[in-house]
Amino acid sequence: MALIVQKYGGTSVGSPDRIKNLARRVARFKALGHQIVVVVSAMSGETNRLITLAKEIMPEPDPRELDVMVATGEQVTIGLTAMALMELGLKAKSYTGSQVRIVTDNAHTKARILRIDEERIRADLNAGYVVVVAGFQGVDEGGNITTLGRGGSDTTGVALAAALKADECQIYTDVDGVYTTDPRVVPEARRLKSITFEEMLELASQGSKVLQIRAVEFAGKYKVKLRVLSSFEEDGEGTLITFEDPENKDSIMEQPIISGIAFNRDEAKLMVLGVPDKPGIAYQILGPVADAKIDVDMIIQNMGADGSTDFTFTVHKNDMAKALSILNQVQAHIGAREIVGDDKIAKVSIVGVGMRSHVGIASQMFRTLAEEGINIQMISTSEIKIAVVIDEKYMELAVRVLHKAFELEEA
Ligand code: ASP
Ligand code: MG
């Protein structure tokens with residue numbers, strides 16, 4: 001007998017039929033003697049609908065009130081899911097985040113989970129219930145409803161699995177696992193049987209949307225066994241997120257050099273041209289940007305020639321206008337010649353733990369892009385990732401040729 005947390009995304013609860021289907025799956029696991037906690041998202045499209053609705057009343061919705069109304073999406077699906085389970089003759093009970101007491105900080109719309117009071121769930125499980133919990137939401141110490149950021153139901157699932165010390169956390173979604181890249185861009189993309197936690201973390205932070213990044217961080221911190229599966233297949237094995245075993249070198253050696261390619265068009269590039277090459281410049285540029293709570297991703301500062309240099313960094317597209325106006329305000333003070341913004345860029349990243357033990361991966365990546373005439377504007381690397389910024393219009397081409405160059409279509 002195992003304790004399993006199953007999280008179902010928006011498409012998996014998108015209609016009454018799909019909810020019934022989900023219930024039948026839960027019933028099969030229950031029949032095997034397992035204890036099951038189900039975490040559900042809102043029905044697909046519902047969270048977007050609620051946010052749009054809020055903006056019709058208040059263009060910049062008050063975060064506390066937005067959380068109050070956006071959290072209703074999941075409250076609907078937990079009730080429906082519990083009913084579907086009852087219709088199959090199972091004992092089921094649903095809870096909102098605040099009923100469980102998934103306690104978060106008070107950062108409305110992007111709250112972090114602090115702790116979970118799991119005793120009540122455990123008691124229900126021991127009494128034979130399937131427990132259904134609303135994803136994406138919690139409650140702060142003051143009793144205010146909070147939400148965990150878009151895609152946050154993944155994090156609810158993983159956090160519950162950690163709190164309950166579950167044997168496995170299964171994330172059911174509309175794809176049957178984690179792919180070498182998005183199959184909509186590269187039809188030859190292949191499902192990975194397993195991927196290391198660190199690779200998954202890089203892929204999620206570089207733009208892969210399969211799992212919310214916080215969910216992956218949580219899984220890493222508490223060593224939650226995590227599996228991504230399709231809710232439309234009877235018995236696929238999905239993709240298992242594994243932890244590298246330092247004792248077992250073979251497990252690392254067998255990994256492919258590159259596991260996946262991620263991409264995103266969400267960033268914009270800001271160039272501060274012709275600034276004096278002297279101490280304090282980076283701080284004078286990025287200090288005010290950080291004060292405005294704008295996240296900076298890549299940063300490049302050129303070597304100064306004749307006492308002046310260029311400073312380039314990327315931010316989320318939504319923050320470009322704000323960042324530009326900040327830079328324009330400090331331009332005179334820092335003595336920059338020109339400030340330029342460009343949001344027609346894309347970031348493409350190759351990720352793989354095998355990079356640690358292989359040389360020449362970067363040059364192979366750069367050669368592949370050069371052969372297609374794709375200009376690289378920025379580069380950043382970590383131990384297991386190489387990311388480049390290129391012109392947005394070449395993004396799909398870049399992903400396709402890299403997928404081929406690193407032979408990712410082959411099992
Ligand atoms: N319903 C929320 C969203 O659409 C949370 C989730 O689905 O994970 O972002
Ligand atoms: Mg999701």
Side-chain angles (χ1 to χ4, degrees), residues 5-15 18-19 21-22 37-55 61 63-82 94-100 102 104-105 107-113 116 132-139 145-162 169-175 177-178 200-201 203-205 207-219 224 226-232 238 241 264 266 316 318:
V5 175
Q6 299 188 333
K7 180 263 169 176
Y8 292 90
T11 43
S12 314
V13 291
S15 68
R18 290 191 175 165
I19 294 176
N21 197 36
L22 171 173
V37 175
V38 177
V39 174
V40 286
S41 295
M43 294 169 105
S44 51
E46 181 63 6
T47 307
N48 287 339
R49 188 185 72 83
L50 292 168
I51 293 172
T52 308
L53 189 60
K55 286 183 176 165
R64 181 187 183 279
E65 303 312 323
L66 185 63
D67 277 351
V68 166
M69 58 95 67
V70 163
T72 60
E74 275 74 9
Q75 190 167 339
V76 170
T77 47
I78 54 170
L80 293 174
T81 302
S94 73
Y95 294 109
T96 63
S98 79
Q99 285 178 309
V100 173
I102 296 180
T104 70
D105 61 19
H108 284 289
T109 77
K110 45 175 186 290
R112 282 186 184 269
I113 296 177
I116 295 180
V132 185
V133 178
F136 178 55
Q137 52 178 268
V139 64
I145 293 174
T146 55
T147 64
L148 309 178
R150 299 308 306 269
S153 299
D154 292 345
T155 302
T156 306
V158 177
L160 271 170
C169 179
Q170 303 175 339
I171 308 277
Y172 287 92
T173 175
D174 50 358
V175 293
V178 179
M200 195 61 236
L201 197 59
L203 287 175
S205 69
S208 160
K209 302 256 157 34
V210 186
L211 284 175
Q212 200 206 30
I213 181 158
R214 281 195 188 169
V216 184
E217 284 168 358
F218 229 103
V224 175
L226 194 59
R227 193 186 288 277
V228 178
L229 302 134
S230 163
S231 54
F232 303 116
I241 321 291
N264 80 63
D266 302 340
H316 194 281
N318 296 345

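Not measured: the values here are computed from a predicted model. Note that the numbering runs from 1 along the sequence shown for the chain. Both ligands and their constituent atoms are indexed starting at 1 by order of listing.
- Atoms CD and CD1, on Q75 and I145 in that order, are 7.5 Å from each other to the nearest 0.5 Å.
- Inclusion of K7 in the set of residues having an N or O under 3.5 Å from an N or O of ligand 1 is not warranted.
- In the vicinity of S41, heavy-atom distances shorter than 4.0 Å reach the ligand 1 atoms 6 (C), 7 (O), 8 (O).
- Taking every non-hydrogen atom of G151 and a distance limit under 4.0 Å, the qualifying atoms of ligand 1 come out as 3 (C), 5 (C), 6 (C), 8 (O), 9 (O).
- Considering only residues two or more places apart in sequence or on other chains, E65 meets the side chain to side chain contact (heavy atoms under 4.5 Å, CB included) condition with D62, V68.
- A salt bridge is absent between R214 and E217; no separation between the charged side-chain nitrogens and carboxylate oxygens falls under 4.0 Å.
- Here the OG1-CZ distance, from T147 to F136, works out to 4.0 Å after rounding to the nearest 0.5 Å.
- Short contacts between ligand 1 and E74, defined as distances under 4.0 Å to a heavy atom of the residue, involve ligand atoms 1 (N), 2 (C), 5 (C).
- Between G10 and ligand 1 there is no heavy-atom distance shorter than 4.0 Å.
- Residue R150 has at least one heavy-atom neighbour below 4.0 Å for each of these atoms of ligand 1: 3 (C), 4 (O), 9 (O).
- For the pair D174 and F232, the minimum side-chain heavy-atom distance is below 4.5 Å.
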